[in-house]
Amino acid sequence: MAKNKKRKSTASKSQPISPKKYLQTKVRQLPIHICYINEDWEQTKLAEVIVTRKHTNGNLTFGAYLTDILGMGVKDTMFGFNRTTFEFEELLLNMGGKMVTCDYVLAHNLVYGAVDFALEYDIPSHRDWNLTQYILEEDTEDIPLMDLEFGVDGKPVFLSYDGEDEDYSWDEDEEFEDEDAIDEEDMIRNAQKLVYSTIDLAYEKSFPIKPDHRSQQIKDAHMQLIITEEPDHEIEEEEADALEFLYFELHNLVESEDKSGIKKFRRQISDKIHQYPNQPIFRNYLANSYFLVGDVAEGDKQFEQCVKDFPDYLLGRLFHAFQLTQNNQYWKAWEIIEGKSELQELMPHRKSFHPQEVFVFYAVAILCLLNYENNLEKTFPYYELILSSEDDPLRWISVSKAVDAVSKAKANALEKKFNKELPQIMEDLGVIPDFSKYS
């Protein structure tokens with residue numbers, strides 16, 4: 001019997017990457033599967049192009065591109081991640097017009113050609129094109145170039161609709177604004193950062209902070225960390241595929257809030273725990289399935305058992321510690337991280353760390369220092385490292401809650417000092433938010 005191939009697994013990291021990050025870094029490693037296009041695209045000059053890629057588990061990731069051949073580029077685009085063939089076929093049936101299969105080379109040339117033609121006239125494609133383009137192959141000479149016509153007589157022509165008849169007209173005075181490709185979550189986090197930075201300015205004016213040896217030591221230690229999303233060991237390909245599949249199953253349950261699928265998900269997890277008893281990440285997913293339906297007690301129990309069974313599984317320890325802080329058991333959380341102020345002290349045998357491990361550790365440290373030691377100033381180095389990071393650690397709930405706790409503690413200190421509401425304090429101090437940093 002042939003042995004399973006080994007590969008570096010995305011799931012051997014502290015946490016598999018998000019669908020968005022997967023598209024940006026890994027989706028082109030999947031083989032192109034089937035491509036589709038609306039049958040009447042040559043007549044309508046509007047091509048609905050779908051390109052699919054197939055995962056090893058049989059699921060599909062796909063990109064859909066509403067492509068205006070007359071000059072507007074990609075007018076709309078979306079992606080589906082790790083969907084079952086049933087889900088994809090259902091979506092295909094709901095497309096409206098008749099969809100037929102097509103060669104990838106045609107799909108590639110239509111989409112890239114329309115985007116490039118539109119850009120010649122400073123017309124940007126849909127903002128999500130910046131992400132969904134990764135589902136296509138890179139536009140290089142490896143893909144044969146087709147002789148396709150865009151626009152009319154080499155000029156863009158825009159569709160206008162008068163309510164009765166459709167006709168094409170080119171409006172030279174039409175103006176197009178380039179939308180920032182910032183999704184809703186990014187906007188929320190930027191708004192958070194703006195609030196934090198404004199409170200920070202007011203706090204620094206009111207409570208001058210002196211240079212501190214301990215703070216500098218923590219920051220210096222952070223600089224010595226090797227922070228990477230790359231896995232540091234190999235596992236069997238079959239195990240890696242199972243981890244990847246179940247991670248995205250859990251992700252889809254969270255996104256859809258479909259609690260009806262939890263029982264099936266737990267059966268799948270239990271099977272894999274039995275099959276791979278030495279893999280702690282399956283226990284992590286199992287615990288999260290209980291939090292998803294509000295069963296905090298059982299979720300806590302699963303995290304605690306995971307820590308007992310796998311004491312070297314850092315993220316499991318940190319998740320358990322964070323949950324203890326949410327239960328106001330700060331002394332127990334402090335024990336979990338052994339009262340350490342630096343990650344290297346807690347895990348001296350480790351050389352590299354996933355960003356989530358680093359910043360969840362800082363989050364737990366913050367919450368323990370605030371609520372167990374009652375020491376706001378000791379949280380500052382962690383707080384500053386989080387907000388200055390390019391890894392966007394606020395996307396993790398534990399980190400966001402910790403930073404929010406520090407900011408609220410600063411606001412409370414200001415209100416206590418001046419015996420006024422925060423907006424009035426800001427006005428008195430002349431603190432103005434710097435919108436340019438987060439626009």
Side-chain angles (χ1 to χ4, degrees), residues 19 23 27-28 30-55 57-119 123-139 143-153 155-170 252 255-256:
L23 260 59
V27 75
R28 283 177 175 160
L30 301 178
I32 295 286
H33 187 46
I34 302 174
C35 302
Y36 301 85
I37 193 169
N38 53 310
E39 190 176 41
D40 59 352
W41 70 270
E42 291 180 280
Q43 290 75 45
T44 63
K45 305 300 181 184
L46 202 60
E48 298 177 76
V49 178
I50 299 177
V51 174
T52 68
R53 289 182 180 267
K54 195 168 187 177
H55 293 259
N57 61 18
N59 286 357
L60 301 174
T61 284
F62 65 87
Y65 311 87
L66 182 60
T67 307
D68 183 357
I69 299 168
L70 291 175
M72 292 286 284
V74 173
K75 295 178 65 175
D76 198 5
T77 181
M78 60 166 283
F79 73 91
F81 186 81
N82 204 33
R83 299 294 180 84
T84 65
T85 53
F86 175 79
E87 289 175 311
F88 175 75
E89 287 168 3
E90 194 173 49
L91 179 141
L92 206 59
L93 286 173
N94 293 327
M95 290 293 289
K98 184 178 179 181
M99 301 293 289
V100 296
T101 59
C102 70
D103 183 72
Y104 174 74
V105 174
L106 173 61
H108 183 103
N109 276 269
L110 275 173
V111 177
Y112 274 112
V115 169
D116 291 343
F117 179 78
L119 284 176
I123 302 167
S125 287
H126 190 274
R127 65 184 184 182
D128 290 338
W129 163 248
N130 289 331
L131 179 61
T132 61
Q133 64 177 309
Y134 293 103
I135 297 171
L136 304 176
E137 291 292 291
E138 191 175 357
D139 192 26
I143 308 297
L145 184 64
M146 296 180 66
D147 186 16
L148 298 173
E149 182 182 1
F150 297 96
V152 175
D153 296 328
K155 292 183 179 180
V157 177
F158 306 134
L159 177 66
S160 64
Y161 180 62
D162 62 9
E164 296 179 3
D165 300 307
E166 287 186 351
D167 68 320
Y168 296 97
S169 63
W170 180 29
N252 290 336
E255 289 290 304
S256 65

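Starting from 1, each residue takes its place in the sequence as its number. Since this is a predicted model, take the numbers as computed values, not measurements. Quick note: numbers below take in every heavy atom, side chains included, and nothing from hydrogens, waters or symmetry partners.
- Side chains of Tyr104 and Ile143 form a contact here, defined as non-hydrogen atoms less than 4.5 Å apart.
- Contact check for His55 versus Leu30: side-chain heavy atoms found under the 4.5 Å cut-off.
- Using a 4.5 Å heavy-atom threshold, the side chains of Ile69 and Leu148 count as separate.
- For the pair Thr77 and Ala64, the tightest heavy-atom approach, listed with the atom from each and the gap, is OG1-O, 2.8 Å.
- Looking only at side-chain heavy atoms (C-beta outward), Phe81 and Val27 stay at 4.5 Å or farther from each other.
- No side-chain heavy atom of Tyr65 sits less than 4.5 Å from a side-chain heavy atom of Gln133.
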Working note: Leu106 + Trp41, criterion side-chain contact (heavy atoms from CB on, under 4.5 Å); need CA distance, chi angles, decisive distance, verdict. CA-CA 12 Å; Leu106 173 61; Trp41 70 270; 4.3 Å; yes
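- Distance check, rounded to the nearest 0.5 Å: OG1 of Thr101 to CD1 of Ile34 gives 7.5 Å.
- One finds the OG1 atom of Thr52 at 7.5 Å from the CD1 atom of Ile32 (value rounded to the nearest 0.5 Å).
- Annotation: the span from Leu70 atom CG to Thr44 atom OG1 amounts to 9.0 Å, rounded to 0.5 Å.
- For the atom pair Glu87 CD and Thr84 OG1, the distance stands at 3.5 Å (nearest 0.5 Å).
- Residues Ile135 and Phe62 are not in side-chain contact: their nearest non-hydrogen atoms beyond the backbone lie 4.5 Å or more apart.
- Using a 30° and 60° split on the angle between ring planes, Tyr112 and His108 fall in the tilted class, from 30° to 60°.
- Remark: the backbone N or O of Leu136 is paired with a side-chain donor or acceptor of Arg28 at under 3.5 angstrom.
- Atom CD1 of Ile37 and atom CG of Leu110 lie 5.0 Å apart (nearest 0.5 Å).
- Taking every heavy atom of both residues into account, Ala107 and Val51 meet most closely at CB-CG2, 4.0 Å.
- Side-chain contact between Thr132 and Val74 is absent, with no heavy-atom pair separated by less than 4.5 Å.
- Among all heavy-atom pairs drawn from Pro124 and Leu119, the shortest one is CA-CD2, 4.3 Å.
- Side-chain contact between Asp116 and Asp139 is present, with at least one heavy-atom pair separated by less than 4.5 Å.
- Between Leu46 and Asp68, the closest heavy-atom pair is CD1-CA, 3.7 Å.
- Residues Arg53 and Glu137 are paired through a salt bridge, judged by an N-O separation under 4.0 Å between the basic side chain and the carboxylate.
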Step by step, would you call Asn82 with Asn57 a side-chain contact (heavy atoms from CB on, under 4.5 Å)? CA-CA 9 Å; Asn82 204 33; Asn57 61 18; 3.5 Å; yes
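- Atoms NE2 and OG1, on His33 and Thr85 in that order, are 8.5 Å from each other to the nearest 0.5 Å.
- Between Ala114 and Thr67, the shortest heavy-atom distance links the atoms CB-CG2, 3.3 Å.
- Nearest heavy atoms, Lys75 versus His126: O-CD2, 3.4 Å.
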